[in-house]
Each structure stands twice: as structure tokens, then as C-alpha cells.
Number of protein chains: 2
Amino acid sequence: MPAPAPQVGVAARACSTVGGVSTYAPAPAASAARTRVLDAATRLFYAEGIHTVGVDRIVTEAGVTRATFYRHFPGKEDLVRSYVQEWDARIRAEAAAGLAELTPREFLPVLVARLGQEMCGPGFRGCPFINAAAEYPDPQDPVALAIAEHRRWFRGLVVRLLEEAGVPEPSARADLLMLLRDGAMVGAALGDPAGVARSLERAVRELVSGADRT
Amino acid sequence: MPAPAPQVGVAARACSTVGGVSTYAPAPAASAARTRVLDAATRLFYAEGIHTVGVDRIVTEAGVTRATFYRHFPGKEDLVRSYVQEWDARIRAEAAAGLAELTPREFLPVLVARLGQEMCGPGFRGCPFINAAAEYPDPQDPVALAIAEHRRWFRGLVVRLLEEAGVPEPSARADLLMLLRDGAMVGAALGDPAGVARSLERAVRELVSGADRT
DNA sequence: AGAGACAGAACGAACGTTCTATCTCCCCAG
DNA sequence: CTGGGGAGATAGAACGTTCGTTCTGTCTCT
């Protein structure tokens, strides 16, 4: 999911940190300015990394002033968390849409195929969650927690899909799929995406689909 | 390979950038101070990320002054490249040592087992190359090039091992193994290492060892 | 009138980097 | 054996830049 496509403002709740008291406005909703900031941040963070892009770059590319930025976000740390959470929300929405028109048995291969396509698309730079995690080593950091929550949800989704498809050992097979997904994301970002996509599809076929059904 | 253990000063060549002219001494060899700096950098970079640790932290923990640091490294960028290259050299040395006393057929399972152990060890924070790559998106960056070179070498090693072990399709199977390795590294760093180690071992067994021999 | 976005200056801190100056140790000429 | 001399390490101040953050205004809407 490397595409910007920020049309959804899903679940962009402010979720203020306990002690954080904004000296400014009470609580601005998802305004146009806020969306522009989050979009620019998403694009820049994903393409160039998080610690390397400063708020100057973000506000400039968003066409927003610093004052506006700090009206909508307590600080950069909070923006990063929102960046992760918004990407998470986007993927959950996609998954929900896919599940609405496909059976669990059909959905898994589609998921893998879509992953392979994305890896080969332009601007692909690996999994945003994995990349972000590399920059936030502390597991207790809010950003790391948001990443962990996304991964937990995703694994849960895969387990559910495998269960409903009647695949034996759904939990162990979900672990395997996560392994393959993560490896593919990394390998495609660092090497030959097309080759990785082929390897991934083959591995999934042999390990999951081929294990009980062919 | 998360352990510090910097006893080897392998291949710590200066390799000055073309235009870089040090206004200081001609070319100091691998001195004690340089080693201490590189060791501290290795420990900090791996544990906390690269962009987050400044030279202040490094020189402080190395017990070295800034002047000494800049006598041995043209700048931080060069230190980061040395950090990657030294880790690469350490792994190559380990591989060479392993190959000296094991046959290719024996070596591969040992490699996987050792990987599983390392993942579960204390202080494990994922693959240093994958983590560093997340912070250096530009493929032309010297750091990214060093990472790519290490990965190329490692894949070559795996291909050679598979060939000499008589495994069919060594190239495709090497891609698969890389996929699994990368996935395991990421998964162990972000989730349950022991579970990932189990998944990895099982996947390798089913995909490589089990494909022609059991 | 009042809230939100705009413009832009300014803050202190940290960044990577350079400088001056003193000290220590080893090598080699005397 | 002695005693410079030079290279490397030390200490610490200081450079300019950039960082994240805050402030003072003005403008534009409803």
C-alpha cells in the first residue's frame, strides 16, 4: 500500500497524551489543513524515513504554516503516531472492503497477489510499519505500540481467514504467512521485486494452499 | 549476530571519498581509539538506530574526544558505512570459519539453527542491515550500497551451499531462504522470537530440506 | 465578533564539524 | 644513555546549521 491516496480521514482521533495540554484551540476536527499535513507527512515519511524529514519539510510541502501544524498536532511525535495509525486504518478499510465481496477462501490468494503487485509498483519502499519500527527501537514508544497493534490485528485477520477456510493449524500457518509477508516486503525493497513476488507466491502455494488442497 | 564482540579489526580500510581531503594526519591505521569508536557506534547504532544517536553520544561512550573521532573518520556518514562494512566482515569471517569445519550439506541447517538462537538472545533487535536500510532509502547512498553488497554476497553463499549440496533449483531455493531469513529477522524483532524461530525452522524443513531429502 | 489559516520572526537545544592548546609516549639523533 | 621531536590522544570552547517549538501579528471567512 505505498500509494498516497489519502481520501479517507478514518480514525484520525486526536487521542491526546495524558499530560499534554495544548495552549491553543480546544480540539479541531479533521480539517483540510490537518489532512494536507498528514498527507505530506505520509508521503515524506514513507519515501525518505521519519527522522530524516523535519517539520519544516512537512509544513512546506503541505502548504501550511508552523502555527497551523501545531494547532492540529501536539508535536512531531504525535504526527508520527498518527501517520502509523492512519496507514493502519487504511489497510483495515481495504481488508473490510475485500471481505465484503469475497469468501475467506478466495480472499487469501487475492491478498498475496495484491501484495506482489504493490511490491513491483513504482515508489515501493517496503512495509511502512517495518521501516518505522526500525527507527523506534523502544517497544514502549507510542509509535512502536501502534505498529505492534497493527501487526497483531493483521495476524488475527489471517488466522480468522485460515480458520474459516477450514485450513488445519491456522495459527501456525498464520505465523508462516506473516514470516513470508515480512520477508517479501524487505526483499522487494532491497532487491528484485519481481523475483521476490514470484518466490512469495510459490512459497505460499507450497506451504499453505498446497498443504491440504491443490 | 547482535553481539558486540569487536575483537576483529577486519577490513577497516579507510577508503577515503574521492574529494574528501583530510586537513589532518596522513592516514592513521586501526588504532585503539578508532576501534573503541567503531565499537561504541556499533553498539549504539544497533540498539537505538542510526539517525537517533549523535556523535556526542558516540565519542562519550567511546571515551574519546571529538578531535580524535574526526582524525579517524571524515564524518559521521563514513562511520556509518564503516559500521555496516565491519558487521559484514564479521559475518563473512564467521561463515568462513563455519565452512572450514563443516560440509555444505551440514552447514545450512547449522546456519538456520544459529539464526534461531540469535533471534532469541538478549539484545536482539533485528537484522542490522535491514534496520539500517530503513534509514537510508536512497539506493545510491554509500551506506545502501554497502548493505546491498552484503546481501548479494550472502545470497551467493547460500546458492553455492545449495549447489554443492546437490539441491535442485539452487537459485530459486536461495531466494526462498532469503525470504524466510528476512521475515524471521523482522518477525523476531517485532514479535515473539521463539515462535518465529519455530516457524522458520519448520518452513526451511518443508521448503528446502524436505523438498528432495527428508 | 470570533475562530481558523496565513506570514514570518524568534526561541533554546542539539546537530555535525572545526579549532586551539596541552599532554604523553615512542623513536632516533646526539 | 639522554633528550628533543613528532604523532596521536586529550580537553574544551566554538563554529554555523538545523531541529522542534513558540510567539506576534494580519487576513479571511461565517
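All values reported here derive from a predicted model rather than from experimental measurement. Every chain is numbered from 1, with letters handed out A, B, ... down the list of sequences. Heavy-atom basis, side chains included; hydrogens, waters and symmetry copies ignored.
In this structure, Phe73(A) places its CZ atom 15 Å from P of dG4(C), rounding to the nearest Å. Leu79(A) places its CG atom 15 Å from the P atom of dC19(D), with the value rounded to the nearest Å. One interatomic measurement links the two molecules: NE2 of His72(A) to P of dT22(D), which rounds to 15 Å at whole-angstrom precision.
Under the side-chain hydrogen bond (donor to acceptor under 3.5 Å, both in side chains) criterion, Glu149(B) pairs with no residue, sequence neighbours left out. With sequence neighbours left out, the side-chain hydrogen bond (donor to acceptor under 3.5 Å, both in side chains) criterion links Thr65(A) to Thr68(A). Val59(A) is linked by a side chain to side chain contact (heavy atoms under 4.5 Å, CB included) to Arg66(A), Phe69(A), counting only residues two or more places apart in sequence or in another chain.
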Side-chain donor-acceptor distances from residues 191-203 of chain B under 3.5 Å, at least two apart:
residue   : atom : partner   : partner atom : Å
Asp192(B) : OD1  : Ala194(B) : N            : 3.4
Asp192(B) : OD2  : Gly195(B) : N            : 2.9
Ser199(B) : OG   : Gly195(B) : O            : 3.1
Arg202(B) : NE   : Glu206(B) : OE2          : 3.0
Arg202(B) : NH1  : Glu169(A) : OE2          : 3.3
Arg202(B) : NH2  : Glu169(A) : OE1          : 3.2

Taking only distance into account, with no hydrogens and no angle test, what donor-acceptor pairs under 3.5 Å do side-chain atoms of residues 150-157 of chain A form with protein atoms, sequence neighbours excluded?
residue   : atom : partner   : partner atom : Å
His150(A) : ND1  : Asp88(A)  : OD1          : 2.6
Arg151(A) : NH1  : Asp182(A) : OD1          : 3.3
Arg151(A) : NH2  : Asp182(A) : OD2          : 2.7
Arg155(A) : NH1  : Ser171(A) : O            : 3.4
Arg155(A) : NH1  : Asp175(A) : OD1          : 2.4
Arg155(A) : NH2  : Ser171(A) : OG           : 3.4

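The side chain of Arg36(A) places an N or O atom within less than 4.0 Å of a non-bridging phosphate oxygen (OP1 or OP2) of dC6(C). In this structure, Thr65(B) does not reach the dG12(D) phosphate: none of its side-chain N or O atoms is under 4.0 Å from OP1 or OP2.
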Between the protein and nucleotides 12-17 of chain C, are there any N/O to N/O pairs under 3.5 Å, and if so, what are the atom names and distances?
residue : atom : partner  : partner atom : Å
dG16(C) : OP1  : Lys76(B) : NZ           : 3.0
dG16(C) : OP2  : Val55(B) : N            : 2.8
dT17(C) : OP2  : Tyr70(B) : OH           : 2.9
dT17(C) : OP2  : Lys76(B) : N            : 3.0
dT17(C) : O5'  : Tyr70(B) : OH           : 3.3
dT17(C) : O4   : Arg66(B) : NE           : 3.3

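Below 30°, between 30° and 60°, or above 60°: for Tyr46(B) and Trp87(B) the angle between ring planes is between 30° and 60°, a tilted geometry.
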